[in-house]
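Since this is a predicted model, take the numbers as computed values, not measurements.
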Amino acid sequence: MRLTDIQALIILACITAGTAATRFLAFVLFPEKKRQPKVVSYLSTTIPAAMMGLLVVYCLKDTAVFTYPYGLPEGIAVAVTAGLHLWRRNVLLSITVGTVLYMILVQMVFL
């Protein structure tokens, strides 16, 4: 099924309105001068770590540990990413280096 130009514009407008509404709704519900509810403060500290854990589990869920290369590229990349993050405390640096290292290991080392 192919969309007409009008249908595509309507879908694009709905997506834009939904994105804008969710972005601005936080400022309406929690103004700067008003104190945040405790549950929002709690969630703002726990959700980032939970999401990172979820992403790690998702990325490693299909790792084959009983066949060659026995999960070595994944394990090495995760160890380097975690070690670099603990050392430098820079999320962008650690994720970038870990991803590049994983791609090098998979495409050039563990063929």
Report all side-chain donor-acceptor pairs from residues 63-89 shorter than 3.5 Å, counting only partners two or more places apart or in another chain.
from  : atom 1 : to    : atom 2 : distance (Å)
Thr63 : OG1    : Leu60 : O      : 3.0
Thr81 : OG1    : Ala77 : O      : 2.7

Using distance only, find each side-chain donor-acceptor pair of residues 1-30 under 3.5 Å and give its atom names and separation, not counting sequence neighbours.
from  : atom 1 : to    : atom 2 : distance (Å)
Thr4  : OG1    : Gln7  : N      : 3.2
Thr4  : OG1    : Gln7  : OE1    : 3.4
Gln7  : OE1    : Thr4  : N      : 2.9
Thr16 : OG1    : Leu12 : O      : 2.8
Thr19 : OG1    : Ile15 : O      : 2.9
Thr22 : OG1    : Gly18 : O      : 3.2
Thr22 : OG1    : Thr19 : O      : 2.9

Give the table of side-chain donor-acceptor pairs shorter than 3.5 Å for residues 32-42, with sequence neighbours excluded, one pair per line with atom names and distance.
from  : atom 1 : to    : atom 2 : distance (Å)
Gln36 : OE1    : Ser41 : OG     : 3.4

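Atom CG of Leu43 and atom OG1 of Thr45 lie 7.5 Å apart (nearest 0.5 Å).
Hydrophobic clustering, with ILVMFWY side chains joined whenever heavy atoms are under 4.5 angstrom apart, groups Phe110 together with Leu101. Residues Val91 and Met51 are members of separate hydrophobic clusters, defined by side-chain heavy-atom contacts under 4.5 angstrom among Ile, Leu, Val, Met, Phe, Trp and Tyr.
The nearest pair of heavy atoms linking Asn90 to Leu92 is OD1-N, 3.2 Å.
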